[in-house]
Amino acid sequence: MAETIRASQLYLPTLREDPAEAEAVSHRLLLRAGMIRRVGAGLYTLMPLGWRVYRKIEQIIREEMDAIGGQEMLMPLLTPAELWQKTGRYELPELFRLRDRSERPYVLALTHEETVTHHATELRSYRQLPQIWYHFGLKERDEPRPRAGLLRVREFIMKDSYSFDRDEGGLATSYEAHAGAYRRIFDRCGLDFYEVQSDVGLMGGSGAHEYMAPCDAGENHVVLCTGCDYAASVDVAESVPTPPDFPEPRGAPEEIETPGVETIDALAKMLAIDPRATSKAMPVVGPDGTLVLGLVRGDHRLHELKMQKTLGGEFRPAHADEIREAFGAEGGSLGPVGVDLEVVVDEALRRGQFVAGANRTGYHLLGVEAMRDYAPSQFSDLREVEPGDACIRCGATLRVEPAIEVGNIFKLGTRYSEPLDATYLDEDGTERPIVMGSYGIGPARTMAAIIEQWHDHDGIVWPRVAAPFDVHVVSLSAAGAQIGEISDDVAGTLESAGYSVLIDDRDLRPGEKFADADLFGCPVRITVGKRSIEDGAVDVRSRFNGEEERAPASSAAEALDARWGSLP
RNA sequence: CGGGACGUGGCGCAGCCUGGUAGCGCACCUGCUUUGGGAGCAGGGGGUCGCGAGUUCAAAUCUCGCCGUCCCGACCA
């Protein structure tokens, strides 16, 4: 949008030094550029400059949502507890609960499935379907650990949309439409991203993808195949583990003394065997309060979420006294043989003979074989995929990358329509539950992810679509009133040519203005100072690569046009 | 929730060990000089030292408790 804003009229609280609280790149730069300020743990204000960026991203999302037939609306943050009690989400630990003056219970929405489904109860006929409704609404989550500025917060605006269809086929269409819109949104934002299969998480439902922007500050991990396009969140990723070097098979387990050995590394070293030919026992207390033994290969890591799914709920590691009572041995010497417990076993242990704890402190068993020597209650995928594992589709090597989740899409099915009774009548008069999907994007998190990917040591390097302004005119006006006038003329010309312009007319020294310009990261900087103006020129510089050229002040807009298309 | 660290003008920090009425840099205000990569000189304003108890003649400093924040892990989109 063409406009000109004077820096002297904008609150720009930039910081010369890195704030002590900030570690992640985006957090540091957002604070230093005066785009955000902290209010409390995980609570941030978007300051004027940051809000400008936010709104640009929001507008991109809005355009793409409208393009797939989304209808924008606005739902309240404060919602009656009743809705959440009906869907069973009232007990979620991250839910903020509160009461009004007459003690009625309320909830601060952490997403809007309940609310939107409440509205969907007014949909009565198949003729009204499908629908896509969305809003940009505040979400509140009592996160156990907010971190890294905007990357993980307790209050944030989310674009959440919801689709309502007659059946699974309709849902598949709405879901695909969203996937396409999301790819366009993140492409337009200049983000490098992966679309990965993911866990259904808090929302519940039958299928999901996440949009992951790779960056060092990312707290999620994405499994990627080097050979094909397999991509999945570690939460759901599967792989073929590297094969162990097995020792000679034995006819029966053989006990061996392993004094003081408490780790897999120590065990493998002592027995001079491949750590991959060992097993590791993790006693846990399952959701029903009983002790369960989880068994994975020695070199593997038990994946919390997969274990949770296998056990059907939350679990915790068993305490030392519980272990002693059940096994008669210490934690380092546990195994599946001869125990009277449910034993859930990772698929990697299905075939082959492994070393296992002997349930006698200081002893292990060689040659332990599933089915022959112990009876697993089930085999299941329990382990976390490791870099170097093989792809289940093509066999090529997998790698794992940190990434930040900027969006997700879920097939909800009837997870919410059934408990909230959102039904419609079919052609033949049959009442059926509406089939739903839900789709989220965090615009502010997207903004932070862009910074994680687009910055250098001087500051942010915004792609054009997200920049707070197209052009930053640095007016070195202290050198004379004439320069101020010429700067205004140049800004006016640029605005007429359709650009949004920040004109730095502040009474600051050149160095400070340049430093701020680098920090803000507008794609093009135009300097008006006495050095160039003697021959009636200005200096046009790209933030992206630092290329600078001198152009006549009268044709600043043409010089900008000329390089605009080549900028990211 | 477990581990670690921190809390001293707006920001970044020192002082704490070895108690004696608070200091540095930046920022801010005034004046003069300066002005193409975070200026110089002079003058000036601003702090219940996170909160509460305790020890002591005396506490930013020692002790105990609490609160807050950040980082790692756990957990979680």
Side-chain angles (χ1 to χ4, degrees), chain A residues 13-24 27-28 31-32 34 37-43 92-95 110-111 113 139 141-149 151-154 156 158-160 196 198-205 208-213 217-220 233-235 301-305 307-308 314-317 403-410 438-442 445-446 449 458-459 474-480 483 504 506-519 525-534 537-539 541 546 548 550:
Chain A
T14 55
L15 302 174
R16 180 185 294 235
E17 293 169 272
D18 280 333
E21 70 192 55
E23 191 101 334
H27 189 193
R28 267 177 32 224
L31 282 167
R32 285 195 54 203
R37 281 296 184 264
R38 196 179 68 87
V39 178
L43 301 171
L92 281 179
E94 40 278 287
L95 201 66
L110 51 64
T111 66
E113 278 81 3
K139 304 288 176 276
R141 297 185 185 181
D142 193 357
E143 289 286 348
R145 182 149 106 81
R147 62 174 287 274
L151 290 184
R152 179 162 222 91
V153 293
R154 297 200 294 173
F156 61 102
M158 181 190 268
K159 186 292 297 174
D160 39 330
V196 305
S198 70
D199 183 61
V200 294
L202 281 183
M203 307 306 148
H209 285 83
E210 288 171 337
Y211 293 81
M212 296 285 203
E219 42 183 357
N220 299 79
S233 154
V234 277
D235 292 342
R301 295 202 308 178
L302 183 75
H303 188 85
E304 200 93 21
L305 198 60
M307 182 70 166
Q308 230 177 68
E314 306 235 330
F315 66 94
R316 61 165 174 85
I404 180 77
E405 180 190 345
V406 287
N408 52 41
I409 56 180
F410 293 95
S438 87
Y439 316 89
I441 292 180
R445 187 185 267 189
T446 301
D458 293 320
V474 175
S475 171
L476 302 178
S477 46
I483 287 183
D504 195 345
R506 296 175 298 174
D507 184 21
L508 293 178
R509 304 179 62 78
E512 297 172 84
K513 293 192 179 191
F514 290 139
D516 278 355
D518 289 342
L519 212 44
R525 183 184 87 189
I526 294 184
T527 306
V528 184
K530 74 164 184 266
R531 191 185 285 176
S532 61
I533 219 65
E534 283 163 1
V538 297
D539 291 320
R541 179 190 174 96
E548 190 163 31
R550 186 151 291 185

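Here is how names work: the chains are called A, B, and so on, in the same order as the sequence lines, proteins then strands, and each is numbered from 1.
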Exercise. So do the side chains of Asp160(A) and Ser438(A) get within less than 4.5 Å of each other, counting heavy atoms only?
Worked result: no
Problem set entry | Shortest non-hydrogen contact between Ser475(A) and Lys513(A), atoms and distance | O-NZ, 2.7 Å
Problem set entry | Heavy-atom side-chain contact between Asp18(A) and Arg32(A) under 4.5 Å | yes
Give each protein N/O atom lying under 3.5 Å from an N/O atom of nucleotides 38-43 of chain B, with the pair distance.
unit_1, atom_1, unit_2, atom_2, d
G38(B), O2', Arg16(A), NH1, 2.3
G38(B), O2', Arg16(A), NH2, 3.1
G38(B), O6, Arg32(A), NH2, 3.1
A39(B), OP2, Arg509(A), NE, 2.9
A39(B), N9, Arg509(A), NH1, 3.4
A39(B), N7, Arg509(A), NH1, 3.3

Exercise. Which whole number of Å gives the distance between the P atom of G50(B) and that of A59(B)?
Worked result: 15 Å
Problem set entry | Nearest-0.5 Å distance, CG of residue Asp516(A) to CG of residue Leu15(A) | 10.0 Å
Between the protein and nucleotides 68-71 of chain B, list every N/O to N/O distance that falls short of 3.5 Å.
unit_1, atom_1, unit_2, atom_2, d
U69(B), OP1, Ala41(A), N, 3.3

Problem set entry | Salt-bridge contact Glu512(A)-Arg506(A) (side-chain N to carboxylate O under 4.0 Å) | no
For this session: Would you mind reading off the distance between Leu31(A) atom CG and A27(B) atom C1', rounded to a whole angstrom?
Result: 17 Å
Exercise. How far, in whole Å, is G25(B) from C62(B) if one measures between their P atoms?
Worked result: 26 Å
For this session: Take the protein atom CG of Asp142(A) and the nucleotide atom P of C1(B), then report the distance between them rounded to whole Å.
Result: 11 Å
Problem set entry | Rounded interatomic separation in angstrom, taking CG from Leu110(A) and P from C76(B) | 14 Å
Problem set entry | Sugar-phosphate only, base, or nothing, as touched by Tyr211(A) at under 4.0 Å among non-hydrogen atoms | nothing
For this session: Could you work out the separation of A53(B) and A58(B) based on their P atoms and round it to a whole Å?
Result: 15 Å
Problem set entry | Same-atom distance (C1') from A14(B) to C6(B), integer angstrom | 15 Å
Exercise. Between C1(B) atom P and Glu94(A) atom CD, what is the distance in whole Å?
Worked result: 14 Å
Problem set entry | Rounded distance (Å) that lies between atom C1' of U35(B) and atom CD of Glu534(A) | 14 Å
Problem set entry | For A22(B), the Watson-Crick or wobble counterpart (both distances under 3.5 Å) | none
For this session: Please examine the side chains of Met212(A) and Glu405(A), heavy atoms only from C-beta on, and report whether any two atoms are closer than 4.5 Å.
Result: yes
Exercise. Per the atom types in the model, does the base of G37(B) pair as donor or acceptor with the side chain of Asp518(A) at under 3.5 Å?
Worked result: yes
Seminar exercise, completed: The side-chain contact (heavy atoms from CB on, under 4.5 Å) partners of Val153(A) (sequence neighbours excluded) come to Tyr44(A), Phe156(A)
Problem set entry | Pairwise P distance, C13(B) and C70(B) [rounded to whole Å] | 15 Å
Exercise. Partner of U48(B) by Watson-Crick or G-U wobble geometry, both contacts under 3.5 Å, or none?
Worked result: none
For this session: For G15(B) and A22(B), measure between their C1' atoms and round to the nearest Å.
Result: 8 Å
For this session: Would you kindly check whether a donor in the side chain of Arg152(A) faces an acceptor in the base of A77(B), or vice versa, at under 3.5 angstrom?
Result: no
Problem set entry | Closest heavy-atom pair and its distance - Tyr211(A), Ile409(A) | OH-CD1, 3.6 Å
Exercise. In whole angstrom, what separates Asp160(A)'s CG from A77(B)'s C1'?
Worked result: 12 Å
